[in-house]
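First up is the structure itself, then whatever we jot down about it.
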Amino acid sequence: MALPKRKHSAARGRKRRTHWKIKATTLAACPQCKELKLAHRACLVCGYYDGRQVIEIKVKEKKKKK
């Protein structure tokens with residue numbers, strides 16, 4: 001296996017890593033309920049994707065106080 005001839009400096013490694021960046025997630029408004037959702041994913045609020053319901057959303061019932 002080939003070995004590097006010279007040591008890579010810390011600055012050289014840091015310069016290479018300057019191009020590593022986190023991309024912001026793409027959010028789109030749901031056409032059904034207008035909530036923000038991930039693009040190309042079913043809406044987790046209403047369960048719709050591409051104009052039809054694909055996920056059944058269960059609504060939690062509030063506990064009654066005694």
Side-chain angles (χ1 to χ4, degrees):
M1 187 174 133
L3 295 173
K5 194 169 187 176
R6 292 200 170 89
K7 176 186 173 181
H8 278 213
S9 67
R12 185 174 170 178
R14 288 183 201 136
K15 276 192 248 178
R16 186 185 69 240
R17 286 185 215 112
T18 59
H19 302 285
W20 296 4
K21 294 179 179 127
I22 297 173
K23 291 182 181 177
T25 55
T26 306
L27 297 176
C30 175
Q32 192 72 26
C33 66
K34 312 298 183 210
E35 286 287 325
L36 289 179
K37 67 175 187 74
L38 290 172
H40 307 288
R41 304 287 196 293
C43 179
L44 296 177
V45 176
C46 65
Y48 272 72
Y49 181 77
D50 200 22
R52 59 192 168 95
Q53 188 164 13
V54 293
I55 300 171
E56 187 174 327
I57 305 295
K58 294 180 181 175
V59 180
K60 290 183 179 178
E61 293 182 19
K62 292 182 180 178
K63 292 182 180 178
K64 293 181 181 177
K65 292 183 180 179
K66 293 179 183 178

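Basis for what follows: all heavy atoms, side chains included, without hydrogens, waters or symmetry-related copies.
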- Task: Measure the spacing between SG of C46 and CD of E35 and express it to the nearest 0.5 Å.
- Result: 8.5 Å
Show me the donor-acceptor pairs within less than 3.5 Å that the side chains of residues 49-56 make with the rest of the protein, sequence neighbours left out.
{"from": "Q53", "atom 1": "NE2", "to": "I55", "atom 2": "O", "distance (Å)": "3.2"}

Output side-chain donor-acceptor pairs under 3.5 Å for residues 18-33, partner residues at least two apart or in another chain, one line each.
{"from": "T18", "atom 1": "OG1", "to": "K15", "atom 2": "O", "distance (Å)": "2.7"}

- Could you list the residues that satisfy side chain to side chain contact (heavy atoms under 4.5 Å, CB included) with R12, not counting sequence neighbours? H8, S9
- I57, CD1: over 12 other non-hydrogen atoms inside 6.0 angstrom: yes
